[in-house]
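Residue numbers start from 1 in every chain, and the chains themselves are labelled A, B, ... in the order their sequence lines are given, proteins ahead of strands.
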Amino acid sequence: MISKNVRVRFAPSPTGFLHIGGLRTSLYNYLFARHHGGTFVLRIEDTDQSRYVEGAEADIIRSLEWCGMTVDEGPGAHAEKPGAHHDGPGAHHDGPGAHHDGPFGPYRQSERKAIYAEYTQKLIDNGSAYYAFDTADEVEEMRERLIKSGNPSPKYDYITRQSMKNSLTLPEDEVKRRLEAGDPYVIRLNVPRNKTVKFEDEIRGVVSFETKGLDDQVLIKSDGMPTYHLANVVDDHLMQISHVIRGEEWLSSTPKHILLYEAFGWEPPVMAHLPLIMSPSGGKLSKRKAESEGIPVNTKDYISGHYEPEALVNFLAYLGWSPGDDSEIHSLEELCELFTLDRVSKGGAVFNHKKLLWYNEQYLRQQSDETIAARLRAMDGDLVDAMPKQNLVTAVGLLKERVSKIDELLEMGRFFFEDPQEVDPAAMKKWKEDSAELVGEYRKRVDAMPSSAFDATSLKSTLEEIVNERGIGFGKLMMPLRIAVTGQGFGPDLFESMALIGREAVLRRLASAVERLG
RNA sequence: GCCGCGUUCGUCUAGGGGUUAGGACGCCGCCCUUUCACGGCGGUAACACGGGUUCAAAUCCCGUACGCGGUACCA
């Protein structure tokens with residue numbers, strides 16, 4: 001049974017735009033938190049200064065918001081709206097020590113250095129950690145030496161540390177002298193030699209590792225920053241995180257974390273390692289792979305690509321989880337209700353872009369024509385403004401069953417807004433010898449129609465007249481007409497479309513097609 | 001290499017001792033539509049392999065293979 005205080009965190013590092021895999025991890029954390037009436041914390045793991053990317057944090061926050069996930073605690077979680085206070089432009093509440101983002105702040109690890117130092121000292125004091133003065137080069141040298149002598153995965157461990165420069169091998173006074181002299185050092189975890197580390201993973205069951213396969217993980221780097229391993233344990237404890245739900249790539253470093261909890265004398269949170277999202281060609285869905293397979297990797301690409309956020313959320317939720325029934329479509333609220341960890345699958349899940357598009361269609365079609373029309377106007381005002389509002393709404397109704405994403409409406413419906421500039425080469429196969437003559441005849445009759453009669457019904461009966469008179473197939477005139485009016489071989493109902501485009505433009509396009517296509 | 005984790009239709013998955021192994025995406029066909037789609041109906045297609053345990057194994061156990069992850073002063 002899940003205890004009362006569920007607190008989970010999404011802890012991305014701001015090294016780039018939010019990856020789709022990170023977004024799913026975040027989603028599962030969010031769903032779990034909401035399902036149990038718990039708290040969803042966002043923590044920024046910016047301990048690697050060399051990989052820090054400006055704007056990454058803002059991208060993460062924006063991505064979560066776009067999906068509809070609300071952060072309970074984290075940077076900006078309780079930020080006031082600009083202008084709510086009379087602090088004047090440029091007034092800043094953020095910065096080191098700001099705790100208004102939640103009761104356990106700060107939520108950026110770079111702002112918690114003092115905390116890590118304090119806790120690391122406890123580890124030093126109780127012998128669970130030690131100072132190591134070896135330079136990066138020296139460690140590298142050691143590795144190479146070991147590799148040469150046939151050790152495929154050299155480690156700074158129980159054995160090798162005995163020949164390195166650290167507070168376990170150096171005389172006490174030299175350690176003291178080096179520390180006082182300000183010699184650079186790292187702090188390493190003192191991993192015991194022969195111990196079995198066991199823990200129960202909510203998704204995988206009992207997992208166990210032998211400590212002899214682990215190295216003396218660096219806890220504090222020489223720049224004074226903690227590594228992920230230390231920071232994540234200290235923060236999860238201090239922030240009272242109840243469940244750690246993260247990607248499977250963390251599974252093998254979990255024993256180090258367990259060792260740390262033990263060294264501190266803390267109860268570890270419940271662990272749950274999620275299956276990875278895989279690329280269709282196999283392997284973890286990396287940027288390179290995904291993009292070469294036409295899959296956007298960054299959440300921002302889905303935003304700018306005009307995907308429906310509900311569709312992405314729904315799709316991602318089902319990538320590695322299922323509610324156990326035959327349902328497919330669920331809102332974020334419903335997913336919160338349904339989500340449990342015991343229904344998360346163990347194996348990696350291949351990203352299926354076509355299924356995502358199917359989800360996108362579902363969510364697009366359930367929106368009213370008016371809503372979509374308004375969104376179109378916001379997307380491309382210039383093009384869309386050429387058309388009266390009501391006509392645009394009608395056009396949306398004609399088009400929306402035929403596209404996967406909202407931006408495709410602009411492409412497919414371009415002919416509603418402007419005369420076709422050229423004909424789709426694929427469609428030209430349907431333009432035959434007699435097409436020009438037939439289209440010309442059709443134009444003549446439409447021209448002769450009173451403008452009051454210019455509607456879908458008479459547009460259609462006019463075509464039927466000609467076809468019947470000549471004893472030819474419907475499509476014989478239908479397709480050339482479509483090509484002349486839209487420049488395409490497919491699209492919404494032609495007669496409705498022509499009625500919407502209007503008499504003047506239709507006559508103009510027919511004449512132009514007869515002339516240009518012969 | 002070593003350590004860990006996985007493995008049910010092409011893909012996402014349900015099913016956890018007795019099922020005609022279910023659904024969804026995709027694909028194919030038919031119907032609707034004198035057009036493209038939507039929609040409706042139908043079809044294709046899976047328990048990685050080998051041993052056990054059992055009256056009975058996709059399901060439990062052990063191997064093997066394959067895949068993936070990790071093996072950093074990156075997260």
Side-chain angles (χ1 to χ4, degrees), chain A residues 11-15 22 45-48 50-51 109 132 134-136 139-140 143 150-156 184-188 201 203-205 207-210 212-215 217-229 231-232 246-255 273 275-276 278 280 282-284 315 318-329 343 345-359 361 365 398-403 412 427 430 460 463-464 467 473-479 481-482 486 488-495 497:
Chain A
S13 77
T15 53
E45 311 236 334
D46 54 349
T47 54
D48 186 353
S50 65
R51 292 210 303 158
Q109 293 185 329
D134 320 275
T135 65
V139 173
E140 189 48 39
R143 283 217 172 81
N151 184 338
S153 52
K155 288 182 286 289
Y156 198 116
Y185 64 85
V186 299
I187 295 176
R188 286 181 181 270
D201 187 278
I203 294 169
R204 284 149 219 286
V207 180
S208 86
F209 291 81
E210 298 301 320
K212 58 170 170 276
L214 306 179
D215 63 355
Q217 184 61 52
V218 169
L219 265 19
I220 297 285
K221 300 182 265 190
S222 56
D223 64 0
M225 277 291 192
T227 56
Y228 168 85
H229 305 285
N232 126 279
R246 80 233 289 195
E248 194 186 348
E249 70 267 30
W250 294 110
L251 189 58
S252 25
S253 43
T254 303
H273 289 90
L276 261 20
M278 317 290 277
K284 193 156 85 165
F315 169 73
Y318 272 73
L319 207 54
W321 171 86
S322 89
D325 55 25
D326 287 344
S327 63
E328 299 283 345
I329 306 289
R343 300 211 57 88
S345 34
K346 298 175 172 70
V350 174
F351 192 102
N352 185 342
H353 193 244
K354 282 196 169 156
K355 188 152 192 182
L356 203 213
L357 288 178
W358 176 79
Y359 271 113
E361 290 161 12
R365 285 166 201 167
L398 254 25
L399 290 164
K400 81 171 175 189
E401 307 282 274
R402 288 156 229 272
V403 299
M412 184 177 276
K430 302 280 182 173
K460 185 175 184 185
L463 179 137
E464 282 164 345
V467 162
F474 192 83
K476 213 63 174 131
L477 176 48
M478 175 76 201
M479 286 313 288
L481 221 42
R482 182 183 281 289
T486 72
Q488 298 167 336
F490 54 87
D493 184 275
L494 183 58
F495 307 104
S497 298

Exercise: identify the closest heavy-atom pair between A/Gln109 and A/Asn232: NE2-N, 4.0 Å
If I compare all heavy atoms of A/Ala427 with all of A/Gly489, which pair ends up nearest, and what's the gap? CB-N, 3.5 Å
A/Ser13, nearest nucleotide to its side chain (from B/rA75, B/rC3, B/rA24): B/rA75
Which value, in whole Å, describes the distance between the C1' atoms of nucleotides B/rA21 and B/rG15? 8 Å
So among A/Val218, A/Ile220, A/Thr47, which one has a side chain to side chain contact (heavy atoms under 4.5 Å, CB included) with A/Thr227? A/Val218
Should A/Arg246 be listed as having a side-chain N or O under 4.0 Å from OP1 or OP2 of B/rG69? no
Winner on side-chain proximity to A/Val350, out of B/rC73, B/rU11, B/rG26, is B/rU11
Reckon A/Lys346 has a side-chain N or O less than 4.0 Å from the OP1 or OP2 of B/rU8? no
Under a 3.5 Å cut-off for both contacts, is B/rA65 paired Watson-Crick or G-U wobble with anything, and if yes, with which nucleotide? B/rU7
Could you work out the separation of B/rU13 and B/rG6 based on their P atoms and round it to a whole Å? 14 Å
Would one find a side-chain N or O of A/Lys400 under 4.0 angstrom from OP1 or OP2 of B/rA37? no
Is the shortest side-chain N/O distance from A/Ser252 to OP1 or OP2 of B/rC3 below 4.0 Å? no
Would the base of B/rG70 count as contacting A/Ser253 through its side chain, where contact means a donor and an acceptor less than 3.5 Å apart? no
Filtered N/O pairs between nucleotides 31-34 of chain B and protein, under 3.5 Å:
residue: B/rU34; atom: OP1; partner: A/Lys460; partner atom: NZ; Å: 3.2

Nearest to side-chain heavy atoms of A/Pro152, which nucleotide of B/rG1, B/rG70, B/rC25: B/rG1
Verify the contact: side-chain N or O of A/Thr47 to OP1 or OP2 of B/rC74, cut-off strictly under 4.0 Å; return yes or no. no
With a 3.5 angstrom cut-off on both distances, give the Watson-Crick or G-U wobble partner of B/rG16, or none if there isn't one. none
Starting at atom NZ of A/Lys155, determine the distance to atom P of B/rU71, rounded to an integer number of angstrom. 12 Å
Hunt down the Watson-Crick or G-U wobble partner of B/rU33, both distances under 3.5 Å, from any strand shown, or write none. none
Using modelled atom types and a 3.5 Å cut-off, is there a donor and acceptor pairing between side-chain atoms of A/Ser345 and backbone atoms of A/Gly347? no
What are the two closest non-hydrogen atoms of A/Arg188 and A/Val139, and how far apart are they? NH2-CG2, 4.1 Å
To the nearest 0.5 Å, atom NZ of A/Lys476 lies from atom CG of A/Leu481 at 14.0 Å
Check this for me: does the side-chain of A/Arg51 come within 3.5 Å of the base of B/rC74 through a donor and an acceptor? yes
Both distances under 3.5 Å, Watson-Crick or G-U wobble: report the partner of B/rA45, or none. none
Is A/Thr135 touching bases, backbone alone, or none of the nucleic acid, heavy atoms closer than 4.0 Å? base
Out of B/rC73, B/rG10, B/rG4, minimum distance to the side chain of A/Val186 belongs to B/rC73
Using Watson-Crick or G-U wobble geometry with both distances under 3.5 Å, which nucleotide pairs with B/rA21? none
Once you apply the 3.5 Å cut-off to both distances, tell me the Watson-Crick or G-U wobble partner of B/rU53, or none. none
Determine whether a donor-acceptor pair (N or O, by modelled atom type, separation under 3.5 Å) exists between the side chain of A/Arg343 and the backbone of A/Ser322. yes
Of the listed nucleotides (B/rG69, B/rU35, B/rC5), which one gets closest to any side-chain atom of A/Glu249? B/rG69
Which atom names give the shortest non-hydrogen contact between A/Glu248 and A/His273, and what distance separates them? CA-CB, 4.2 Å
Using both distances under 3.5 Å as the test, list the Watson-Crick or G-U wobble partner of B/rG70, or none. B/rC2
Roughly how many Å is it from CG in A/Asp325 to P in B/rG23, rounded to a whole number? 14 Å
When you measure from the side chain of A/Arg343, which nucleotide among B/rA24, B/rG15, B/rG10 comes out closest? B/rG15
Integer-rounded Å distance: B/rA24 P and A/Lys355 NZ: 9 Å
Can you tell me how far P in B/rA37 sits from the matching atom in B/rC27, rounded to whole Å? 11 Å
Using a heavy-atom cut-off of under 4.0 Å over every strand shown, decide if A/Lys284 touches base, sugar-phosphate, or nothing. sugar-phosphate
Does A/Lys221 put a side-chain nitrogen or oxygen below 4.0 Å from OP1 or OP2 of B/rC74? yes
With C1' as the reference atom in both, quote the distance from B/rU59 to B/rC73 in angstrom, rounded to an integer. 47 Å
Check every atom of B/rA75, B/rU13, B/rC73 against the side chain of A/Ala349 and return the nucleotide holding the closest atom. B/rU13
Nearest listed nucleotide, side chain of A/Asp493, among B/rG15, B/rU35, B/rC74: B/rU35
Base, sugar-phosphate alone, or nothing: which one does A/Thr15 contact when heavy atoms must sit under 4.0 Å apart? nothing
Pull up the glycosidic torsion of B/rC38 and say syn or anti, syn being anything within 90° of 0. syn
Between B/rG23, B/rA24, B/rG4, which nucleotide has the shortest distance from any of its atoms to the side chain of A/Val207? B/rG4
Using the side-chain heavy atoms of A/Leu251, tell me which of these nucleotides is nearest: B/rC5, B/rG69, B/rA37. B/rC5
Taking the nucleotide of RNA chain B with the closest heavy atom to each, which residue, A/Trp321 or A/Asp48, is nearer the 5' end? A/Trp321
